[in-house]
Peer 1: 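If you scroll down you'll find the structure; I have some questions about it.
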Amino acid sequence: MEYTQLGRTGLKVSRLVLGTMNFGPQTDEADSHAIMDAALDAGINFFDTANVYGWGENKGRTESIIGNWFAKGGDRREKTVIATKVYGNMGPDGGTVWPNHDKLSAVNIRRAVDASLKRLRTDYIDLYQFHHIDRDTPFEEIWQAIDVLVQQGKILYVGSSNFPGYKIAQANEAAARRAGTIGLVSEQCLYNLYERRAEMEVIPAARDYGLGVIPWSPLHGGLLGGIIKKEVQGGRRASGRAADTLKDPAARARIQAYEDLLDKHGLEPGEVALAWLLTRPGVTGPIVGPRTAEQLESALRAVELELSEDLLSGLDEIFPGPGPSPEAFAW
């Protein structure tokens, strides 16, 4: 496994991030623990979760699964950089949101941190991430709450998720006005070969402010994992984001061209999609969310995969990025 610094911090993290969103809803606790053990054995030390994972009536379940894994000992907690998130309402889906039980007010941040610590069965969180922007809470209030938690030793670093570039700038400019506040050190965003809009504003802002970029959905919901070939062979059919995209004939043709290109090079689509992200400037590491041990093994192979200039050029032809900002939208 390769390691890198998380943004401008001294924290070393693996180039692959273990996403845990499937732990609970799709992967039971025993298998989730086995996947985490395998990830740690392979050198992955960066695990990502969120307080709402588990979903529906089981929000918080994923953090509890991780906490039970930590409780097994064997230096599991000491070897793991654990990242979780705050923003969403922890009540059942569709229920009434009680005031101050969601978003980024100081009172909800304090409450949410303590609840996550309890579920994770740890006394500190390495990276605490804002899951979404809060249009109603000023960053001065947010940073005041974070400063207290850092002083208490409950969190070490803070990151954002799904932030536009201007909010990254606002957050870190507000932090700069506070003595001793380090500000955001990472941004977790939707970024992959198919969806490259983050290159216009989000990634440039992150790089300028020294944030590590942690792409989520690196296979775009399975779209970049050889989905057409799998359908033809009678395997897993597309669903969610991938299925919606394939309804567009032009989009389907692009995915077919992508699979044909990689077939020509004798490479697996999912592994190439991950390896491509590892070549991108500013990227710390993509989040992989395996449901099985086999999927984890496939992701691990991407770290050692070297993509030729010819292949990279071919990928750019199929999935051209937006180009540099502001030229991409100004001329």
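Heavy atoms only: backbone and side chains are in, while hydrogens, waters and symmetry mates are out.
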Peer 1: For a quick check under 3.5 Å, do Asn192 and Trp216 share a side-chain donor-acceptor pair by atom type?
Peer 2: no
Peer 1: Please check if the side chain of Lys59 supplies one atom and the backbone of Asn89 the other of a donor-acceptor pair under 3.5 Å.
Peer 2: yes
Peer 1: Measure from the side-chain N and O atoms of Arg15 to the backbone N and O of Leu278, and report whether any donor-acceptor pair falls under 3.5 Å.
Peer 2: yes
Peer 1: Distance from Lys103 atom NZ to Ile133 atom CD1, nearest 0.5 Å?
Peer 2: 10.0 Å
Peer 1: In this structure, would Ile35 and Val17 fall into the same cluster of hydrophobic residues linked by side-chain contacts under 4.5 Å?
Peer 2: no
Peer 1: Less than 4.0 Å between a side-chain N and a carboxylate O, is that true for Arg177 and Glu140?
Peer 2: yes
Peer 1: When you measure from the side chain of Glu173 to the backbone N and O of Ala169, does any donor-acceptor pair fall under 3.5 Å?
Peer 2: no
Peer 1: Would you name the heavy atoms of Ala112 and Val86 that are closest together and state the gap between them?
Peer 2: CB-CG2, 3.5 Å
Peer 1: Between Val272 and Leu315, is any pair of side-chain heavy atoms under 4.5 Å apart?
Peer 2: yes
Peer 1: So for atom CD, which belongs to Glu327, do other residues, nucleotides or ligands contribute more than 12 heavy atoms lying within a distance under 6.0 Å?
Peer 2: yes
Peer 1: Check whether any side-chain heavy atom of His131 lies under 4.5 Å from a side-chain heavy atom of Val52, and answer yes or no.
Peer 2: yes
Peer 1: Are Leu11 and Leu127 side-chain neighbours, meaning at least one heavy-atom pair lies under 4.5 Å?
Peer 2: no
Peer 1: Are any side-chain N or O atoms of Arg8 and backbone N or O atoms of Tyr209, one a donor and one an acceptor, separated by less than 3.5 Å?
Peer 2: yes
Peer 1: Could you go step by step and tell me if Leu211 and Val185 meet the side chain to side chain contact (heavy atoms under 4.5 Å, CB included) rule?
Peer 2: CA-CA 5 Å; Leu211 278 64; Val185 303; 5.7 Å; no
Peer 1: What are the two closest heavy atoms between Ala171 and Trp143, and how far apart are they?
Peer 2: O-NE1, 2.9 Å
Peer 1: Can you see whether Arg280 engages Tyr191 through a side-chain donor-acceptor pair at a distance of less than 3.5 angstrom?
Peer 2: yes
Peer 1: Apply side chain to side chain contact (heavy atoms under 4.5 Å, CB included) to the pair Ser313 and Asp310, showing each step before the final yes or no.
Peer 2: CA-CA 5 Å; Ser313 296; Asp310 177 58; 5.5 Å; no
Peer 1: Membership question, hydrophobic clusters at under 4.5 Å side-chain separation (ILVMFWY): are Tyr157 and Leu117 in the same one?
Peer 2: no
Peer 1: Do Pro215 and Val283 have side chains that approach each other closer than 4.5 Å (heavy atoms only, starting at C-beta)?
Peer 2: yes
Peer 1: Identify the heavy atoms of Pro25 and Gly54 that sit nearest to each other, and give their distance.
Peer 2: CG-O, 3.8 Å
Peer 1: Is it the case that the ring center of Phe23 lies less than 6.0 angstrom away from the ring center of Trp69?
Peer 2: no
Peer 1: Evaluate Leu18 against Ile287 for side chain to side chain contact (heavy atoms under 4.5 Å, CB included), listing each step before the verdict.
Peer 2: CA-CA 6 Å; Leu18 181 68; Ile287 297 173; over 6 Å; no
Peer 1: Answer yes or no: is there a side-chain heavy-atom contact under 4.5 Å between Val158 and Phe130?
Peer 2: yes
Peer 1: Is any NZ, NE, NH1 or NH2 atom of the basic residue among Arg119 and Asp114 found under 4.0 Å from an Asp or Glu carboxylate oxygen of the other?
Peer 2: no
Peer 1: In this structure, are over 12 heavy atoms from other groups packed under 6.0 Å from Glu309 atom CD?
Peer 2: no
Peer 1: May I ask you to check whether Gln188 and Asp48 show a side-chain donor-acceptor distance below 3.5 Å?
Peer 2: yes
Peer 1: Backbone N or O of Asn45 within a donor-acceptor pair of the Ser14 side chain at under 3.5 Å?
Peer 2: yes
Peer 1: If you take all heavy atoms of Pro164 and Val202, which pair is closest and at what distance?
Peer 2: CA-CG2, 4.1 Å
Peer 1: Distance from Leu149 atom CG to Ile155 atom CD1, nearest 0.5 Å?
Peer 2: 5.0 Å
Peer 1: Parallel, tilted or perpendicular, judged at 30° and 60°: which one describes the rings of His132 and Tyr87?
Peer 2: tilted
Peer 1: Check whether Asn172 reaches the backbone of Gly183 with its side chain - one donor and one acceptor, N or O, closer than 3.5 Å.
Peer 2: no
Peer 1: Ignoring hydrogens and geometry beyond distance, is a side-chain donor-acceptor pair present between Ser325 and Glu201 at under 3.5 Å?
Peer 2: yes
Peer 1: Judged by modelled atom types alone, do Tyr128 and Lys154 share a side-chain donor-acceptor pair under 3.5 Å?
Peer 2: no
Peer 1: Checking salt bridge (Lys or Arg N to Asp or Glu O under 4.0 Å) for the pair Asp41/Lys79: CA distance, chi angles, key distance, verdict?
Peer 2: CA-CA 10 Å; Asp41 288 343; Lys79 291 179 178 179; over 6 Å; no
Peer 1: Between the side chain of Glu141 and the main-chain N/O of Ala106, is any donor-acceptor distance below 3.5 Å?
Peer 2: yes
Peer 1: Determine, for Asp126 against Arg77, whether the closest basic-nitrogen to carboxylate-oxygen distance falls under 4.0 angstrom.
Peer 2: yes
Peer 1: Would you say the side chains of Glu63 and Thr84 form a donor-acceptor pair under 3.5 Å?
Peer 2: yes
Peer 1: Give me the atom names and distance for the closest heavy-atom approach of Leu311 to Leu261.
Peer 2: CD1-CD2, 3.8 Å
Peer 1: Going from CG on Asp260 to CD1 on Ile228, what distance comes out if it is rounded to the nearest 0.5 angstrom?
Peer 2: 8.5 Å
Peer 1: Rounded to the nearest 0.5 Å, what separation is found between the CD atom of Gln5 and the OG1 atom of Thr284?
Peer 2: 10.0 Å
Peer 1: Carefully, step by step, assess Glu199 and Arg197 under the rule salt bridge (Lys or Arg N to Asp or Glu O under 4.0 Å).
Peer 2: CA-CA 5 Å; Glu199 294 175 357; Arg197 285 179 293 177; over 6 Å; no
Peer 1: Can you give me the closest heavy-atom contact between Ala328 and Met200, atom names plus distance?
Peer 2: CB-CE, 4.0 Å
Peer 1: Quick one: do Glu29 and Arg61 satisfy salt bridge (Lys or Arg N to Asp or Glu O under 4.0 Å)? Show the steps, please.
Peer 2: CA-CA 10 Å; Glu29 182 158 338; Arg61 175 61 179 150; 2.8 Å; yes
Peer 1: Is there a donor-acceptor contact under 3.5 Å from the side chain of Glu187 to the main chain of Asn162?
Peer 2: yes
Peer 1: Could you tell me whether the side chains of Asp147 and Gln151 share a donor-acceptor contact shorter than 3.5 Å?
Peer 2: no
Peer 1: What distance do Ile109 atom CD1 and Arg111 atom CZ have between them, rounded to the nearest 0.5 Å?
Peer 2: 11.5 Å
Peer 1: I'd like to know if Leu156 and Phe70 are part of one continuous hydrophobic network [Ile/Leu/Val/Met/Phe/Trp/Tyr, side-chain heavy atoms within less than 4.5 Å].
Peer 2: no
Peer 1: Backbone N or O of Gly212 within a donor-acceptor pair of the Arg207 side chain at under 3.5 Å?
Peer 2: no
Peer 1: Does either side chain, that of Thr20 or that of Thr49, offer a donor lying less than 3.5 Å from an acceptor on the other one?
Peer 2: yes
Peer 1: Roughly how far, to the nearest 0.5 Å, is CE of Met1 from CD of Glu304?
Peer 2: 8.5 Å
Peer 1: State, without any angle test, whether Lys72 and His33 hold a side-chain donor-acceptor pair at a distance under 3.5 Å.
Peer 2: yes
Peer 1: Between Thr137 and Asn108, is the side chain to side chain contact (heavy atoms under 4.5 Å, CB included) condition met? List the steps.
Peer 2: CA-CA 11 Å; Thr137 306; Asn108 188 57; over 6 Å; no
Peer 1: For residues Arg76 and Met36, determine if any side-chain heavy atom of one lies less than 4.5 Å from a side-chain heavy atom of the other.
Peer 2: no
Peer 1: Are the side chain of Thr27 and the backbone N or O of Arg291 linked by a donor-acceptor pair below 3.5 Å?
Peer 2: yes
Peer 1: Heavy atoms, side chains only, cut-off 4.5 Å: are Leu224 and Pro269 in contact?
Peer 2: no
Peer 1: Quick one: are Lys229 and Glu231 in side-chain contact, heavy atoms under 4.5 Å?
Peer 2: no
Peer 1: Without hydrogens or angle criteria, can the side chains of Glu271 and Ser298 be said to hold a donor-acceptor pair below 3.5 Å?
Peer 2: yes
